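Heads up: the structure comes next, in structure tokens.
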Amino acid sequence: LNETGITSLCMDFIAIGMDSHLCIEAINLLVVLLAEPGGSKEVQQTILKYLKDNDSSPFFLQLKELINEIFTWYQKEAENVEVVEDFGDSVLVLPDQSVVFTLIQLICEGDQVPLKNYFREQDGNSESVSIPLLLANILDFLSRRESALFTNVSITVVKTIRATLHGPCKENQRYYIMNTEVLVSLNRIIRSSRPKTQTLTLMWNVDIEMLKECIVDLLRSVVEGFARDSLIFDRIISSIELNVTSMLLMPPSDENQDVL
């Protein structure tokens, strides 16, 4: 399908001003095209060529709009999230726009460093959009809330951030560490991973442990390719407290006593 021009057509439809339903369907189709282990390099190269050969501002502005819509949903409606019972487990029903996180992850999958850099800064465009900054802002908001929902969506956001800097992609690694509050947010999430005002359910506990694993993976990716005496290492050591780090590695001794 990539050879037939479907990838470029999807990119045309993922643009500011396009019908929202058409945009979401284009994203869903592009996700299918990209969904290969390690990333679909042919589709990724087609996307990179499309972004560089055109003023890709409409594409990135559309991603910005979708992310902001999700952010607004988190702010206004998250505490009243619709829950569907499925085989006795609670399944969170998130807005359709959430697929944008999957799109970003798959576009940045693998060692596509030029693509990852393009998500940070778009030289030659009429307007530049920093996707890493938008992701960092959402993580900051999520890190200040306590609920099963926010733990669940934090997993997705942390995975998306990791995808944009893993590789290594040193410029994005520096950007996150030096220009955003990602480390502060991670520190806050780890500190508050055990709910203080709500009952911890089994599914919530599973998500908490998954989030810890994702944070460890993200921290590994952040320092990938940098020397131990680098500014990046120093910044992480000064931001992530030792006692907080131990919380990632050693669950509380009473964690099995308060899970319902």
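In this text, all values refer to a predicted model and were calculated from it rather than measured experimentally.
- Between F13 and E25 the shortest side-chain heavy-atom distance does not fall below 4.5 Å.
- In terms of heavy atoms, G39 sits closest to E109 at N-CG, 3.4 Å.
- Taken together through direct or relayed side-chain contacts under 4.5 Å among Ile, Leu, Val, Met, Phe, Trp and Tyr, F59 and I6 form part of one hydrophobic cluster.
- Going from atom OH of Y74 over to atom CG of N68 covers 12.0 Å, rounded to the nearest 0.5 Å.
- I107 places a side-chain heavy atom less than 4.5 Å from the side chain of L115.
- Remark: the T151 side chain and the D207 side chain contain no N/O donor-acceptor pair separated by less than 3.5 Å.
- For the pair L211/V158, a side-chain contact is recorded, criterion being any heavy-atom separation below 4.5 Å from C-beta on.
- In this structure, the side chain of N2 does not engage the main chain of T7 through any donor-acceptor pair within 3.5 Å.
- Distance check: S154 OG to M210 CE gives 13.5 Å after rounding to the nearest 0.5 Å.
- Between L51 and Y118 the shortest heavy-atom distance is O-OH, 3.3 Å.
- Counting heavy-atom neighbours within 6.0 Å of E36 CD, excluding the residue itself, gives a total above 12.
- With values rounded to the nearest 0.5 angstrom, E224 atom CD is found 10.0 Å from F226 atom CZ.
- Under the 4.5 Å side-chain contact rule for hydrophobic residues, I215 and V184 do not share a cluster.
- Judged purely by distance below 3.5 Å, without hydrogens or angles, the side chains of D55 and S126 pair a donor atom with an acceptor atom.
- Criterion: ILVMFWY side-chain heavy atoms under 4.5 Å apart, direct or through other members. Under it, M11 and L106 are part of a common hydrophobic cluster.
- Under the 4.5 Å side-chain criterion, counting only non-hydrogen atoms from C-beta, I47 is in contact with V43.
- Ring orientation note: the planes of F119 and F60 are nearly perpendicular, at an angle over 60° on the 30°/60° scale.
- A donor-acceptor contact shorter than 3.5 Å links the side chain of Q173 to the backbone of K170.
- In this structure, the separation between CD on Q122 and CG on L61 is 8.5 Å, given to the nearest 0.5 Å.
- A side-chain contact (heavy atoms from CB on, under 4.5 Å) with I67 is found for exactly one of I104, N137, T160, namely I104.
- Contact of the T164 side chain with the C169 side chain is not registered, since no non-hydrogen atoms from C-beta on lie closer than 4.5 Å.
- Donor-acceptor pairing under 3.5 Å is recorded for the side chains of Q112 and Q45.
- Residues L9 and L29 have side chains not in contact (no heavy-atom distance under 4.5 Å, counting atoms from C-beta outward).
- Results of the side-chain contact (heavy atoms from CB on, under 4.5 Å) test with N172 over L165, V113, I161, V222 single out L165 as the only residue that passes.
- A side-chain contact (heavy atoms from CB on, under 4.5 Å) with C23 holds for exactly one of N28, I16, I14; it is I14.
- How far CG of D234 is from CD1 of I177: 11.5 Å, rounded to the nearest 0.5 Å.
- Contact annotation: the side chain of T156 never approaches that of T102 to less than 4.5 Å [non-hydrogen atoms, C-beta and beyond].
- No donor-acceptor distance shorter than 3.5 angstrom exists from the side chain of K212 to the backbone of I190, with no hydrogens or angles considered.
- E181 CD: 12 or fewer foreign heavy atoms inside a 6.0 Å radius.
- No donor-acceptor pair under 3.5 Å is formed between the side chain of K159 and the backbone N or O of C214.
- Hydrophobic clustering of Ile, Leu, Val, Met, Phe, Trp and Tyr side chains at less than 4.5 Å, counting indirect connections, keeps Y175 apart from L219.
- The 12-atom threshold is exceeded at CE of M18, counting heavy atoms of other residues, nucleotides or ligands nearer than 6.0 Å.
- Side-chain N or O atoms of E42 include none that pairs as donor or acceptor with a backbone N or O of E3 at under 3.5 Å.
- The pair D140-R188 counts as a salt bridge, with a side-chain nitrogen and a carboxylate oxygen less than 4.0 angstrom apart.
- In the hydrophobic clustering of ILVMFWY residues, with side-chain heavy atoms under 4.5 Å counting as a link, L218 and I236 come out together.
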Exercise for the section: Carefully, step by step, assess L34 and L103 under the rule side chain to side chain contact (heavy atoms under 4.5 Å, CB included). Expected result: CA-CA 8 Å; L34 286 161; L103 177 66; 4.0 Å; yes

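- Interatomic distance, L63 CG to F101 CZ, rounded to the nearest 0.5 Å: 10.5 Å.
- You'll find the side chain of T180 stays beyond 4.5 Å of the side chain of L135, heavy atoms only.
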